[in-house]
Each structure stands twice: as structure tokens, then as C-alpha cells.
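Naming: A, B, ... by sequence-line order, numbering from 1 per chain. Here the structure is a predicted model, which means the values were calculated and not measured.
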Number of protein chains: 2
Amino acid sequence: MVTKNQIKTVKSLQQKKYRNQLGLFVVEGRKVTEELLQSHFVLEYLFATDAKMGESLHPDYVEVGQNQMKQMSGLTSSSGVLAVFKLPERTALNFSDWILALDAVRDPGNLGTIIRICDWFNIPQIVASEDTVDCYNPKVLQASMGSIARVNIVYRDLKGFLQDSKTPVYGTYMEGENVFQHNFPDQGVIVMGNEANGISEGIGNLCGTKLSIPQYGEHTTESLNVAVATAITLGALRGS
Amino acid sequence: MVTKNQIKTVKSLQQKKYRNQLGLFVVEGRKVTEELLQSHFVLEYLFATDAKMGESLHPDYVEVGQNQMKQMSGLTSSSGVLAVFKLPERTALNFSDWILALDAVRDPGNLGTIIRICDWFNIPQIVASEDTVDCYNPKVLQASMGSIARVNIVYRDLKGFLQDSKTPVYGTYMEGENVFQHNFPDQGVIVMGNEANGISEGIGNLCGTKLSIPQYGEHTTESLNVAVATAITLGALRGS
């Protein structure tokens with residue numbers, strides 16, 4: 001049984017304000033729910049329109065009607081599985097490995113894809129500026145495909161964080177040292193910038209080394225998407 | 001002046017069937033229109049809701065009302081500039097450089113991003129299987145951001161094409177030779193597979209070398225998005 005109040009609560013979790021107020025976030029779909037159930041995240045509610053599906057996921061699932069699911073879902077067509085988890089405690093950062101820093105990445109799809117790329121390349125930590133899109137935004141979770149369970153994401157004053165960094169800080173720019181030829185140390189921070197404006201000046205001043213993905217041939221592509229640039233940069237880092 | 005018939009024609013170009021029948025395709029937005037005007041593509045019509053904007057783009061622009069633009073546009077909110085170009089003639093392939101081959105890439109956003117990545121890394125040719133999404137689909141053009149003008153894309157029976165290839169054929173897989181450690185020759189074909197199923201068996205049999213982007217650390221990310229995987233692979237190829 002799901003109450004009207006619960007439906008209202010679940011629906012409100014589409015908004016960051018209520019996620020933070022209630023300390024909860026919502027995911028939809030069997031696969032991502034399964035991945036989060038197997039992770040450190042703590043389940044609050046699990047709703048399913050199909051009893052078999054619900055049972056296969058968790059003994060405490062709640063069966064709901066199509067209509068109720070529709071009311072709770074943030075998707076145009078619900079997948080039939082919706083789970084609410086507790087927002088995790090803030091965890092400390094570990095400087096013994098690489099950290100990806102994001103300066104005002106705004107697009108949920110980009111952040112989700114970046115989380116997935118970090119997971120692939122074992123970059124276990126992301127430090128995001130406070131104006132980066134919230135990683136518990138349902139669209140981010142949709143794009144990150146469960147990788148959110150394996151990458152630690154913290155929101156900080158990025159300037160303060162970089163000022164205090166004891167490891168080298170790299171910024172990615174249109175002009176800079178060739179990312180494919182750089183000898184990377186064992187630890188450091190790589191900063192990726194905003195979709196439209198790149199890395200802001202204040203943050204850029206704290207980047208000890210400017211890296212760039214060289215363009216090949218003669219042409220005029222203006223830029224690469226930030227998720228694509230992250231993939232190429234982390235590939236160069238881990239593959240070198 | 002724009003006639004009712006023209007409006008109908010422009011609107012129909014959202015569909016592949018009519019694009020091929022009429023030999024035309026449509027783009028929206030100032031920036032992509034500008035890039036295509038400076039390219040080998042031949043303009044058929046240019047519509048703008050703002051006279052100054054229209055004039056700045058092309059002397060033969062046609063001024064239209066907001067309402068007419070809305071009827072022609074495929075976007076939920078039109079940018080005020082819409083251009084119709086002639087579909088280009090089929091051009092021959094040049095085997096003296098790398099070719100990217102796509103086996104049933106279905107998502108327009110992915111294809112658009114892949115075209116942009118090819119442009120960046122100077123991979124001037126894409127051979128797409130006949131079931132790959134049409135590169136003149138408006139959503140592809142939106143994501144490719146004018147790179148369509150610099151990358152030659154042909155649709156072929158991919159099996160036949162690979163059978164006849166005189167340069168080495170590489171496939172990208174979950175398991176294979178480490179893409180970061182491979183010594184690439186000066187020419188070849190790299191095959192990227194479908195979003196859900198990867199490279200089909202018949203095509204895979206024609207790949208002389210299987211490449212893979214290694215996963216780092218212990219985790220369970222299932223796969224990378226095909227555009228992200230293309231970016232990393234071409235980065236490894238050009239950056240090596």
C-alpha cells in the first residue's frame with residue numbers, strides 16, 4: 001500500500017530542495033535499482049507495478065498500481081520500478097589517487113556520463129563546484145547507470161578546495177600541453193569546465209598545468225562536448 | 001514570401017523518406033547554417049524571422065513570420081533561422097586514411113557526437129551500415145554542429161564493404177587488445193557497434209583485430225556509451 005502522502009513525497013524528490021530537506025533521492029528502472037541495492041546506499045522504499053519483479057528485487061517491496069506509479073514517476077513512461085534511497089553521508093576525500101574536479105557542469109546528461117566514465121577509469125572521486133548540477137538529479141542518475149554507487153561525489157567551494165590541494169592541479173583548455181604526451185604523476189586533480197564557458201578565470205589561475213586535446217587536420221570544430229573531453233583526457237591519463 | 005507548399009515541403013524534410021525523394025535536408029540555427037553556407041553544401045532556401053539576421057547570412061534569404069517558422073520548424077522552440085540544403089552527391093571513399101565504420105548506430109545524438117569527434121580527430125570518412133540512423137536526420141545535424149560539412153558519410157552494405165577493404169579492419173569489443181598499447185598503422189578501418197548489442201556477428205567475423213578499452217579498478221560498469229568509446233578509441237589512435 002502506498003499512501004497519498006508517500007506519492008507526494010516521492011514526486012517532490014524530483015527537486016533538489018526536497019531531496020536535501022528529506023535526505024532522500026529517487027531512481028527508476030530495474031537495473032539501476034538492482035545496482036544501488038547491491039551498494040552502500042540504504043533503501044527507504046521500493047515500489048513495483050509487478051509483484052514478481054518487486055519480489056525479485058527486495059523482500060520489502062511495495063506493489064502499486066500503474067496509475068500510482070505514473071503519479072510518482074518523473075519519466076514520461078515509467079519502467080514499473082521506482083526506488084527511494086537515503087542520501088549518503090558526506091565522505092572524506094582521499095588524495096592518494098586522482099580526483100576529477102568539475103567547474104559548473106550544468107547538463108544532467110553530461111554529469112551522468114562523466115560519472116560513468118570515472119567509474120570505468122577508476123577515478124573514484126569527483127569534487128564538483130556548488131553550481132554544478134546535483135548528482136542526485138533523476139536525469140543524472142538515469143545517465144550514470146548505477147555508477148553513482150561507485151564514485152564518491154562531493155560538492156565544495158572549488159576555489160578553496162584547489163587552493164588547499166596538495167597534489168598537482170591540471171586544467172583542460174583549448175590550448176595547452178598535449179594530453180597524449182604528458183607524463184602524469186600517480187595523484188592529482190583534473191579540472192573540467194562549464195559546457196559553454198570552459199574553466200572560469202578564478203579556477204584557471206589555480207591550475208598549475210594547462211592540458212589540451214590537440215585537434216588534428218585543418219578544420220574548425222569549435223569544441224568537444226565536456227563528457228567526450230573527459231573521456232579522452234582520462235583515457236590518456238590511465239592509458240599512458 | 002513563403003508559400004503553403006514550401007512550408008509543407010520543409011516540414012516533410014523531418015522524414016528520411018522525403019529527404020531522399022526531394023534530395024534536400026534541413027538545418028536550424030544560425031551557427032550550423034553559417035558553417036554549412038561556408039562549406040561544399042548547396043543552399044536551396046534560407047528562412048529567417050529577423051531581416052538583419054537573414055541578410056547577414058545570405059543575400060537570398062526569405063523573411064518569414066514567427067508563425068510560419070513555427071510551422072516549418074522541427075524544434076519545440078525555433079531559433080529563427082532555418083535553411084534547406086541539397087543532399088550531396090555520393091562521393092568515393094579514400095582508403096589512404098582511417099575510416100570509421102558504424103554497425104547499426106541508432107541514436108541520433110550518438111551519431112551527431114561521433115561525427116563531431118571524427119572532425120576533431122581528422123577522421124574524414126564514416127561508412128555506416130544501412131540500418132544506422134540517417135546522418136541528415138535533424139537531431140543528428142543538431143548534435144554534429146556543422147561537422148557534417150567536413151566529414152564524408154556514406155551508407156553501404158557494411159559486410160560487403162569490409163570484405164573488400166584493402167586496409168586492416170579493427171573491431172571494438174569488451175575484450176580485446178588494449179587500445180592504448182596498440183601500434184596503429186597509417187590506414188585502416190575501425191568498427192563501432194550498436195548501442196545495445198555491440199558489433200553484430202557477421203561484421204565481427206570480418207574484424208582482423210579486436211580492440212578494447214580496458215576497465216581500471218574493480219567494478220562492474222557494463223559498458224561505455226558508443227560516442228564516448230569512439231572518442232577514447234580515436235584519441236588512442238591519433239595520440240599514439
Side chain / backbone / both / neither for A:Thr113 at chain B, heavy atoms under 4.5 Å: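 For A:Thr113, the contact with chain B is made by the side chain alone.
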
message: When you compare the side chain of B:Ile213 with that of A:Phe121, does any pair of heavy atoms fall below 4.5 Å?
response: yes

Spacing of B:Asn122 atom CG and A:Gln215 atom CD [to the nearest 0.5 Å]: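 Here the interatomic distance stands at 10.0 Å.
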
task: Drop me the distance from B:Leu234's CG to A:Ile232's CD1, to the nearest 0.5 angstrom.
output: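 B:Leu234 CG to A:Ile232 CD1: 8.0 Å, rounded to 0.5 Å.
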
Enclosure of B:Lys139 NZ (heavy-atom neighbours >12, cutoff 6.0 Å): no

- prompt: Which heavy atom in B:Arg238 sits nearest to a heavy atom in A:Tyr216, and how many Å separate them?
  reply: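 Looking at all heavy atoms of both residues, the closest pair is O-OH, 3.5 Å.
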
query: Where do B:Ala231 and A:Val228 come nearest, in terms of heavy atoms and distance?
result: CB-CG1, 3.6 Å

message: I'd like to know if the side chain of A:Arg116 reaches the main chain of B:Ser223, judged simply by a donor and an acceptor atom lying under 3.5 Å from each other, with no hydrogens or angles considered.
response: yes

message: If we define contacts as heavy-atom pairs under 4.5 Å, which of A:Pro214, A:Ala227, A:Ala236 has the most with chain B?
response: A:Pro214

